[in-house]
Amino acid sequence: MVVKVYGPAYAACPQRVLTCLIELGVEFELVSIDLESGEQKSPKLLLLQPFGLVPAIEDGDFRLFESRAIIRYYAAKYASSSIELLGNTLEERALTDQWLEVEAQNYNPLVYNLVLQLMVLPRSGHRTDMTVVQNCKTKLEKVLDVYEQRLSKSKYLAGDSFTLADLSHLPNTRFLMNEGGLEHLVKERKSVHSWWTDISSRPAWKKVMELNN
Amino acid sequence: MAIKVHGLPFSIATQRVLVTLAEKELDYEFVYIDLATGQQKTEDFVKLHPFGQVPVLEDGDLTLFESRAIAQYIAHTYADKGNPLITSNPKKMAILSVWTEVEAQRFDPQAYKLAYELVIKPILGRTTDEAIVTEHEGKLAEVLDVYEAHLTQSKYLGGDSFTLADLHHLPVINYLMGSKIKALFDARPHVSAWCADILARPAWQKIIALMKH
């Protein structure tokens, strides 16, 4: 039985899940949700995701929501000698968790607000608040300085290997590099730039980009 | 002593780590970081926490930051000590993980701001911003409606027993119970019962006692 992933392929959080599943070679069926018409708030989907958000997954009878919980589950389930997205030891796991938290607490809120101000609000006829945008950019510079420091000493965020901590950054960083118009933030930081080039050229991520087109 | 925690007893994130250590009955050395004088931004401290925040945990050679990652690490590494906070069953662990994400992504963004405006600012002698309170009160109410529905079918957030999913909420709920936001919790019987239950746990009572000193 294939895993059903609910959510559009263009949205950041479903992309996080799809990338992970492809990295692990897990077959899935994408059930696209029309966010613009509010399909995610329909009674049927609220049963899967009570906050009316995407993504959610159905794996037989088993249901989960929250993209970072989903990727942790599958990474643990399909851990093998060929791919270890959670690190090989308890300590590597802790460092993976640490940088996953950093992504969720320090990186995502800033990029999320930029997406909201620069894309979502204008599309629904609202004005962009440039103060918020500038605020986010300034904070993002400081966060990326910390990443630069880390990545100058460590090939990937949690250590020598690619883990969920790096994977989790793919969708939001893609936005910064494209519609966000903030690619200079990444390109101006040598280690962040090589890290981004590396992780965004992984076959799994490229497949998710293809799904989008 | 193997475990060291750097932080401040009043800090919500520090409390999250301290209560985890208390639940696991682990000894640790506490290093007080004076946020009022900006000690967390000194060069020495930034070596431990590149974002210049608290808490930081040291366990032998391992240094970790991000309170939720630290709590996960303690819960997994010391699984056989004190009270169980996680489960080895992958599906149950995944559901637990959904609700630790919900706490971080849905609950905390609203609840933390309310605790900051209504409880922390007055302690620091600053003025509450009522507009922020109004904005986040409404959003928290909606989140708590989802919690109420979930807790009608589940004794604790992650399942039948107390786990990290419940624990992560303790510091902020504790602060909010001392504010007008208590009414939001009281108005929802299952949420209210769950709060009373988790706040009464001996480990949490130890943290409250620490704060009084």
Side-chain angles (χ1 to χ4, degrees), chain A residues 13 46-53 56-57 59-79 86-87 89-109 112-113 139 142-143 145-151 153 158 165, chain B residues 13 16 46-47 49-53 56-57 59-79 86 88-109 112 139 142-143 145-150 153 158 164-165 168:
Chain A
C13 299
L46 283 174
L47 285 174
L48 288 175
Q49 217 293 10
F51 295 94
L53 301 164
I57 63 111
D59 191 344
D61 283 336
F62 187 56
R63 295 165 167 186
L64 283 181
F65 58 94
E66 284 299 338
S67 62
R68 295 170 190 84
I70 296 168
I71 62 179
R72 281 180 163 115
Y73 170 65
Y74 283 105
K77 188 174 180 186
Y78 293 104
L86 285 166
T89 62
L90 272 173
E91 287 74 18
E92 285 174 23
R93 168 83 196 244
L95 290 169
T96 305
D97 272 333
Q98 177 183 274
W99 289 95
L100 260 169
E101 287 300 315
V102 167
E103 184 273 320
Q105 306 292 337
N106 296 59
Y107 192 73
N108 184 60
Y112 178 85
N113 272 313
K139 288 181 182 169
K142 296 198 174 126
V143 169
D145 284 342
V146 175
Y147 279 53
E148 179 62 17
Q149 198 201 64
R150 171 63 182 167
L151 291 165
K153 292 183 286 214
Chain B
R16 190 173 282 123
V46 164
K47 283 184 191 148
H49 193 314
F51 291 93
Q53 295 168 322
V56 167
L57 180 116
D59 189 356
D61 284 337
L62 182 68
T63 304
L64 288 178
F65 58 94
E66 284 300 336
S67 64
R68 295 171 186 84
I70 295 171
Q72 304 262 6
Y73 165 71
I74 295 166
H76 280 96
T77 310
Y78 298 97
I86 47 154
S88 55
N89 177 307
K91 285 187 177 173
K92 288 186 178 169
M93 189 62 216
I95 292 172
L96 195 166
S97 177
V98 165
W99 290 92
T100 57
E101 288 300 314
V102 166
E103 182 274 326
Q105 310 290 345
R106 315 280 151 236
F107 179 84
D108 196 65
Y112 184 92
K139 289 179 184 171
E142 286 174 3
V143 170
D145 285 340
V146 176
Y147 276 53
E148 180 64 17
H150 181 64
Q153 285 148 2
L164 284 184
H168 283 180

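Chain naming here is simple, since letters A, B, ... match the order of the sequence lines and numbering starts at 1 in each. All of these numbers come straight from a predicted model, not from anything done at the bench.
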In terms of heavy-atom pairs under 4.5 Å with chain B, which of N108(A), V102(A), D145(A) leads? V102(A)
One option among A69(A), P109(A), P50(A) has the most heavy-atom pairs under 4.5 Å with chain B, and it is A69(A)
Surrounding NZ of K142(A) (heavy atoms of other residues, nucleotides or ligands, distance under 6.0 Å), is the total greater than 12? no
If the condition is side chain to side chain contact (heavy atoms under 4.5 Å, CB included), which residues does A71(B) pass it with, not counting sequence neighbours? T20(B), L164(B), H168(B)
Do Y73(B) and R93(A) come within less than 4.5 Å of each other through their side chains, counting heavy atoms only? no
Heavy-atom pair of closest approach, residues L90(A) and H76(B): CD2-CB, 4.0 Å
Please report the interatomic distance CD1(I95(B)) to CZ(R63(A)), rounded to the nearest 0.5 Å. 11.0 Å
Quick check on E101(A) against chain B: is it the side chain, the backbone, both or neither that has a heavy atom closer than 4.5 Å? both
To the nearest 0.5 Å, tell me how far R106(B) CZ sits from L53(A) CG. 4.5 Å
Drop me the distance from T96(A)'s OG1 to Q72(B)'s CD, to the nearest 0.5 angstrom. 11.5 Å
Using a cut-off of under 4.5 Å on heavy-atom pairs, state which of L95(A), N106(A), L100(A) scores highest against chain B. N106(A)
Is chain A contacted by the side chain of T100(B), its backbone, both, or neither, given a heavy-atom distance below 4.5 Å? neither
Atom pair CG (D145(B)) and CZ (F51(A)), whose distance is rounded to the nearest 0.5 Å: 10.0 Å
With the side chain counted from C-beta on, respond yes when V98(B) and Y73(A) share a heavy-atom pair under 4.5 Å apart, and no when they do not. no
For Y112(B), is the OH atom crowded, meaning more than 12 foreign heavy atoms sit under 6.0 Å from it? no
To the nearest 0.5 Å, what is the distance between CG (D97(A)) and CZ (R68(B))? 12.0 Å
Are side-chain heavy atoms of E91(A) and D61(B) found at a separation under 4.5 Å? no
Would you compute the distance between atom CH2 of W99(B) and atom CD of E66(A) and round it to the nearest 0.5 angstrom? 9.0 Å
Of the backbone (N, CA, C, O) and the side chain (C-beta and beyond), which part of Y112(A) lies under 4.5 Å from a heavy atom of chain B, both, or neither? neither
Identify which part of F65(A) has an atom lying under 4.5 Å from any heavy atom of chain B, answering side chain, backbone, both or neither. both
Smallest separation among heavy atoms of Q149(A) and P50(B), with atom names: OE1-CB, 4.0 Å
Contact origin within V146(B) toward chain A - heavy atom pairs under 4.5 Å: side chain
